[in-house]
Each structure stands twice: as structure tokens, then as C-alpha cells.
Amino acid sequence: MSLQGRDVISIRDLSRTEILEVLNAARHLIPVAEGKKRLTTLEGRLLALAFFEPSTRTRLSFEAAMQRMGGQTITIADPSVSSVSKGESLSDTIRMLSCYADAVVLRHPFEGASRLAAQLSDKPVINAGDGAGQHPTQTLLDLATMLERFDTLSGLKVVLMGDLRYGRTVHSLAHALGVFGAELVLSSPASLRLPEEVRRDLDQMGSKVREEEQLERAIKDADVLYVTRIQKERFGDLAEYARVSGSYRFDPALLSKVKSTFIVMHPLPRVAEIPPEVDRTPHAAYFRQAFLAVPVRMALLSLILAGKTGVRGGG
Ligand code: NCD
């Protein structure tokens, strides 16, 4: 099935083949993302971005992706200056955006908001994060980062660390890694474990998953450490946040115990999970990961909006 005209709400909406199609296209689009080559595949296309939660990378990389491909964007980046502040409902906002633009990207604090938007919109909807639910396009760029480093996704040993309960990036990523046959090690405080339904889904796929609270033991023989921020905004009880916020800080001394090819990833923003000394080591992959957001979103947007990327070999 082609990706043209499709919604991307959960990573489960994409098959293994479709994920690989996006990643392959993204690889070919890197020179365009770097501004070294020009493409106009998305000329005349307009993307609406509606962000009801803070964002730097996700929103700007969607905008960069559209513009690098010749397309344009309209944006609600601050709901307080839109009619949302007058009490307009999410459904009315989505209906408007879908008449103005060719596709809608939505970030919203409520889990399920993007699925609802997709039901209301006759244009494709892309979920850029719905509460503690899913963040499928982040997963695509996470996978692109691993694939670029290791040339494969199957058989990788990936440690997911930090806030596995509220972190939507890990909910999407865990499923995708399961699809590609990676081995998962979960390292979180007991109160921030991966939700039951995400875990059950991995079990149903027959994925190799284990929990290991001790980070030093978890990263032994690992290929990737995926660090997440404790999601302060999702805690009902700030005292509980204060209790866990200092835990799971990556100690750079641990780098003396890892494989030479080991990488540290983070969807960013980081707060204090990874000290800046790690940035200078060859293990730091998070800035490359942030860059790959652009070619990956270029690939996805051009496949959804135009059914092709326009670059040879890139679909
Ligand atoms: C993440 C998010 O919004 O879920 N950020 C991102 O999109 N790169 C991670 C986070 O906020 O911790």
C-alpha cells in the first residue's frame, strides 16, 4: 500500500516495509536536507502545524523539511494567540486547518488527540506527540540514526532508560524495535516502568525484553543507550517528580565499559540526563539524531503528499 494520503498516528500504522521505505528515502535526501542539492517535489503544497505543547526540534524540522522540498507551512506555535484561547474546540481548529492546508501535523497534551483529529480531517494527519501516547515520526528518525551507524536494525541491543512510563518517544520506539527484532533492556525507576500495554505488545511479537535497573549492568554489551527526560509535565504529583528526577543520570565514567561502537541517543531536550562531557566523545549520537529529523520528515512528507520523493533511488 502506498503512503500517499495516509495518516500517521501510531508507529503501528506503518508496516515494516513502509518504515524501511521512509528510511531509504531519507538516506537519499540527506544532501537536500543539508542544502547541497535542491528539490521541488513539494512545490505548491502547504502543511499546517498545530502545536499545543512546547517544541523546538519537531516543529522546526517539519518546517525545514517542507521548505527544503519547495513546500510551505502555516503554524500555530502558541495557542494563546490563536482562537483556542477564545475557547475554540480542538475539533473546530482541526476542521479549519484541514480546509486551509494539504496535511496537518498535530502535537497535543491529550493521548488520542491525533486519532480524533484524523477522524475529523479529510487531509492526512501526522501525530507529532499526543500526551504520553505516541510520537511515530520521532521513531522514524531514531531508527534512521541506528541504521546509519550499524547498517542494520535487527539484532541490535538497545537500552531504553529514564521515563518509560510517560515518554511517548519510547512507546513508539519500543514497538518498532520489536518489529525489527532488536533486543530491549528497560532501565527505569520502578514508578516509571514501561506501560503494561506496550510491554504486552512486545511480548506478543515475541521480542526479547528484560528489565535492568542497574545502568552499568544494562549497558554491558549494548549497542545503543536511548536516554529520555523525566516528563515533568505529565506528573500529577510534583513530589513524586522531585523524588525520581535526579535518578538515571548518565555517568560518563561508564563509557570506559562499553563497546567501541556504542552510541548514546536522546530525543532531546535533555535536562540533566547526559552531562556535556559526553558530547565530545564518539559515542554521542544525539545531535546527528536531531539533524536526521529533517531528511526523515522530508521523506515522510513527500511520500504522503506527493507519493514520491523526487530523488533517484529514494522512492
Ligand atoms: C520529545 C517529545 O516531545 O516527546 N521531544 C521531541 O520531540 N524531540 C521528548 C521530550 O520532550 O522529552
Side-chain angles (χ1 to χ4, degrees), residues 8-11 26 33 47 49-65 75-79 105-115 117 125-146 158-177 187-189 192 194-195 198 224-235 241 244-250 263-274 279 284-298 300-301:
V8 180
I9 308 302
S10 160
I11 193 67
L47 179 69
L49 298 151
F51 277 66
F52 294 86
E53 277 193 337
S55 170
T56 303
R57 274 152 293 271
T58 304
R59 186 167 65 77
L60 294 184
S61 61
F62 266 113
E63 291 189 0
T75 303
I76 300 175
D78 178 1
V105 177
L106 177 67
R107 168 169 287 186
H108 198 278
F110 297 152
E111 209 170 317
S114 296
R115 187 67 75 195
V125 173
I126 301 174
N127 181 8
D130 62 325
Q134 287 271 314
H135 195 348
T137 63
Q138 177 71 42
T139 292
L140 294 171
L141 69 99
D142 294 342
L143 296 176
T145 309
M146 295 182 207
V158 181
V159 181
L160 301 176
M161 163 186 156
D163 187 348
L164 309 186
R165 178 176 178 189
Y166 297 118
R168 54 196 175 198
T169 65
V170 283
H171 300 165
S172 297
L173 181 61
H175 174 83
L177 289 171
S187 193
S188 72
L192 298 180
L194 200 65
V198 182
V224 179
L225 171 66
Y226 191 93
V227 185
T228 62
R229 175 178 68 88
I230 309 279
Q231 308 280 297
K232 185 177 184 183
E233 64 274 35
R234 316 256 178 255
F235 280 69
Y241 169 73
V244 291
S245 64
S247 52
Y248 292 80
R249 208 160 269 163
F250 181 71
I263 58 169
V264 181
M265 294 176 61
H266 192 307
L268 303 177
R270 64 176 152 176
V271 184
E273 307 82 49
I274 307 175
D279 302 0
Y286 30 91
F287 294 125
R288 181 68 182 169
Q289 184 184 355
F291 162 71
L292 288 171
V294 181
V296 165
R297 291 187 168 120
M298 285 164 75
L300 185 69
L301 288 167

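When a residue number appears, it is its place in the shown sequence, counting from 1. Start at 1 and go down the list; that is how both ligands and their atoms are numbered.
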May I ask you to check whether [X] has an N/O atom sitting below 3.5 Å from an N/O atom of ligand 1?
{"X": "Arg57", "result": "no"}
{"X": "Thr169", "result": "no"}
{"X": "Arg168", "result": "yes"}
{"X": "Pro269", "result": "no"}

Discussion item. Cation-pi check for Phe62 against Arg297: NZ or CZ below 6.0 Å from the six-membered ring centre and within 45 degrees of the axis, yes or no?
Written reply: yes
Fill in: Taking every non-hydrogen atom, the tightest pair across Asn127 and Ile9
ND2-O, 2.9 Å
Practice prompt. Search all heavy atoms of Gly162 against all heavy atoms of Ile230 and return the closest pair with its distance.
Written response: C-CD1, 4.4 Å
Using a 4.0 Å cut-off to any heavy atom of [X], which atoms of ligand 1 qualify?
{"X": "His135", "answer": "2 (C), 4 (O), 6 (C), 7 (O)"}
{"X": "Gln231", "answer": "10 (C), 12 (O)"}
{"X": "Thr58", "answer": "6 (C), 7 (O)"}

Practice prompt. For His266 and Ala285, indicate whether the former's side chain and the latter's backbone hold a donor-acceptor pair under 3.5 Å.
Written response: no
Discussion item. Name the residue from His171, Arg107, Arg168 that meets the side-chain hydrogen bond (donor to acceptor under 3.5 Å, both in side chains) definition with His135.
Written reply: Arg107
Worksheet item: At what distance is the nearest protein heavy atom to atom 9 (C) of ligand 1, and which residue and atom is it?
Response: Leu268 O, 3.8 Å
Worksheet, complete the sentence: atom 11 (O) of ligand 1: closest protein heavy atom, distance to 0.1 Å, is Arg229 NH2, 2.9 Å
Fill in: Location of contacts on Arg107 toward ligand 1, heavy atoms closer than 4.0 Å
side chain
Discussion item. What I'd like to find out is whether the side chain of Lys232 reaches to under 4.5 Å of the side chain of Val271, using heavy atoms alone.
Written reply: no
Practice prompt. Anything under 30° is parallel, anything over 60° is perpendicular, the rest tilted; go ahead and classify Tyr241 against Phe235.
Written response: perpendicular
